[in-house]
Amino acid sequence: MPELPEVETMRRGIAGLVGGRILDVQSCPCRLKPIALTPGLAAFRRSAVDRTIERIDRAGKRVVVRLDSEDAIVIEPRMTGLVLLADPPNQEHLRLRIVVAGASSRAGKLRGESRGAVHELLYWDRRGLGSVRLVSPREFERRYGPTKLGPDALELTPEILRERLFRSRRAIKVALLDQRALAGVGNLYASEMLHRCGVHPATRCDRLHTDQWSRLHAALAAVLESAIEHEGSTLSDGTYRNALNQAGGYQNQHLVYDRAGESCPTCSRGTILRIVQAQRSTFYCPACQTKKARSTR
DNA sequence: CATATGTCCTGAGAGC
DNA sequence: TGCTCTCAGGACATAT
């Protein structure tokens with residue numbers, strides 16, 4: 001379930017590869033159905049080998065490795081994909097290996113490592129719903145440009161957030177997951193941010209008041225920034241790991257996600273409920289999350 | 001156009 | 001113990 005904080009953690013974890021040169025790209029054959037790799041391995045290798053990594057960005061929930069050819073390698077982890085520098089959880093779900101020379105392996109931490117060291121950028125994916133694509137600037141724009149991806153959730157202002165959503169008749173929880181409206185929020189953090197601003201997840205966007213948009217924006221920013229500080233959420237299945245195969249810490253800060261039946265940690269009056277919206281679980285407290293704007297607080 | 005639903009995939013866990 | 005079944009939710013194709 002990598003969402004913005006997890007993907008940002010992956011991005012930071014491999015930032016030390018900037019300046020490195022790609023030596024080889026190897027697929028890791030296994031009995032599982034292969035992930036989407038485009039173009040095929042041979043053409044991928046032809047375009048990537050000998051290119052230098054100029055920058056590593058994030059596009060919503062995707063890691064974008066920019067090459068000096070102006071092509072980009074776009075890694076999309078979807079549900080269970082991991083971007084690693086080493087030490088994958090196992091070999092059987094290792095999908096792709098990109099061998100990189102001449103970079104430091106960790107952002108800002110050059111200590112003692114020779115500039116000529118060889119590193120591996122690994123893509124691991126248990127369920128295999130993710131993809132790795134090498135795309136031209138034109139293809140990047142077509143797939144990940146502003147018509148496909150809204151503004152990054154970390155770049156929003158209260159006004160932009162409201163402008164992107166307030167015409168919609170959808171429930172706010174469902175709309176927050178729409179990557180064309182805003183990019184980066186997924187199922188887990190949507191529940192958390194709505195809880196923290198006291199908004200009921202089923203509230204229609206077009207019924208939200210200005211002060212609610214403000215509070216939602218503040219909660220959105222606070223939750224995402226804190227989750228990045230904690231290096232993301234590793235849920236009970238333990239799948240998500242950072243680039244060094246370490247668990248995140250934000251799962252310990254969750255107030256409602258996956259806590260159905262527990263007493264609300266915010267108001268202690270309600271019991272956390274689980275409902276289903278658009279085939280996804282939503283968690284909230286019926287006592288302190290309301291559809292009405294609050295007059296005070 | 002906006003919104004809703006089905007699909008992909010694997011492994012964990014429930015129930016018998 | 002071992003089988004079958006359901007569920008998790010990223011993005012996208014297709015339907016309404």
Side-chain angles (χ1 to χ4, degrees), chain A residues 1-11 28 30-38 58-64 74-83 88-96 123-133 135 139-140 142-150 152-153 163-192 194 201-207 224 227 232-241 251 254 256-261 274-283:
Chain A
M1 33 110 318
E3 306 182 25
L4 187 152
E6 289 76 24
V7 177
E8 177 62 17
T9 302
M10 293 174 188
R11 187 193 72 77
C28 307
C30 61
R31 58 180 183 83
L32 305 165
K33 188 170 190 295
I35 59 157
L37 180 73
T38 56
R58 181 177 53 74
K61 302 174 191 171
R62 300 164 178 97
V63 174
V64 181
V74 180
I75 305 172
E76 185 175 311
R78 300 249 185 136
M79 298 300 296
T80 53
L82 297 179
V83 174
N90 63 34
Q91 293 296 317
E92 64 172 309
H93 298 109
L94 198 53
R95 309 290 184 149
L96 196 73
Y123 182 68
W124 182 96
D125 195 337
R126 178 155 52 75
R127 285 169 66 180
L129 295 174
S131 64
V132 181
R133 300 181 196 279
V135 295
E139 177 76 352
F140 184 90
R142 190 182 73 77
R143 300 186 80 109
Y144 314 112
T147 62
K148 293 292 178 69
L149 228 45
D152 193 84
E163 171 59 29
R164 299 295 297 181
L165 295 176
F166 83 101
R167 293 177 198 85
S168 174
R169 289 181 296 268
R170 290 176 296 178
I172 181 64
K173 157 61 166 42
V174 175
L176 283 169
L177 303 184
D178 181 352
Q179 302 300 297
R180 305 170 86 122
L182 53 122
V185 176
N187 198 53
L188 190 164
Y189 294 104
S191 282
E192 289 296 317
L194 286 168
T203 315
R204 281 170 47 152
C205 291
D206 59 2
R207 303 270 168 87
L224 295 180
S233 300
T234 299
L235 301 181
S236 52
D237 72 358
T239 299
Y240 168 72
R241 324 290 289 181
Q251 64 280 4
H254 295 175
V256 292
Y257 186 80
D258 208 16
R259 295 192 180 280
R274 185 187 89 101
I275 59 172
V276 174
Q277 297 180 282
Q279 288 90 241
R280 269 94 182 124
S281 297
T282 300
F283 298 88

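Residue numbering restarts at 1 for every chain, and letters A, B, ... go by the order of the sequence lines. Because only heavy atoms are used, hydrogens play no part in the values below, and waters and symmetry mates are left out as well, while side chains stay in.
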Please report the shortest heavy-atom distance between A:Gln251 and A:Ser233, naming the atom on each side.
-> OE1-CA, 3.5 Å
Could you give the start and end, 5' to 3', of the contact zone on DNA chain B for chain A, using atoms under 4.0 Å from its heavy atoms?
-> B:dT3 to B:dG11
Between the side chains of A:Gln277 and A:Thr282, does any donor sit under 3.5 Å from an acceptor?
-> yes
Indicate the atoms forming the closest heavy-atom contact of A:Asn187 with A:Tyr257, along with that distance.
-> ND2-CE1, 4.1 Å
In this structure, are over 12 heavy atoms from other groups packed under 6.0 Å from A:Arg169 atom CZ?
-> no
Residues A:Arg78 and A:Asp125 bridged, charged N to O under 4.0 Å = no
More 5' along DNA chain B: A:Arg95 or A:Arg170, using each one's nearest nucleotide?
-> A:Arg170
A:Lys61 side chain reached by A:Leu4 side chain, heavy atoms, under 4.5 Å = no
In whole Å, what separates the P atom of C:dC12 from that of B:dG11?
-> 24 Å
Note: A:Asp237-A:Arg126 ion pair, threshold 4.0 Å (strictly below) | yes
With a 4.5 Å heavy-atom cut-off, do A:Thr9 and A:Glu6 have their side chains touching?
-> no
Separation of C:dA11 atom P from A:Tyr144 atom OH, nearest Å, is 11 Å
Give the dot-bracket string for DNA chain B, reading 5' to 3', where a pair is Watson-Crick or G-U wobble with both distances under 3.5 Å, ( ) marks pairs inside the strand, [ ] marks pairs crossing earlier ones, | marks a partner on another strand, and . marks unpaired.
-> .|||||||.|||||||
Along nucleotides 4-10 of chain C, 5' to 3', which nucleotides get a B, which get an S, and which get a -, given that the test is a protein heavy-atom distance under 4.0 Å?
-> ----BBB
Does the side chain of A:Leu82 reach to within under 4.5 Å of the side chain of A:Pro89, using non-hydrogen atoms?
-> yes
Salt bridge or not for A:Arg180 and A:Asp178, using N-O below 4.0 Å?
-> no
Would you indicate what A:Thr80 reaches in the nucleic acid, counting non-hydrogen atoms under 4.0 angstrom: base, sugar-phosphate, or nothing?
-> nothing
Decide yes or no for A:Lys173 and A:Ser191: does some side-chain heavy atom of the first lie under 4.5 Å from some side-chain heavy atom of the second?
-> yes
Hey, does A:Arg62 reach any base, or is it just sugar-phosphate, or nothing, if we go heavy atoms under 4.0 Å?
-> sugar-phosphate
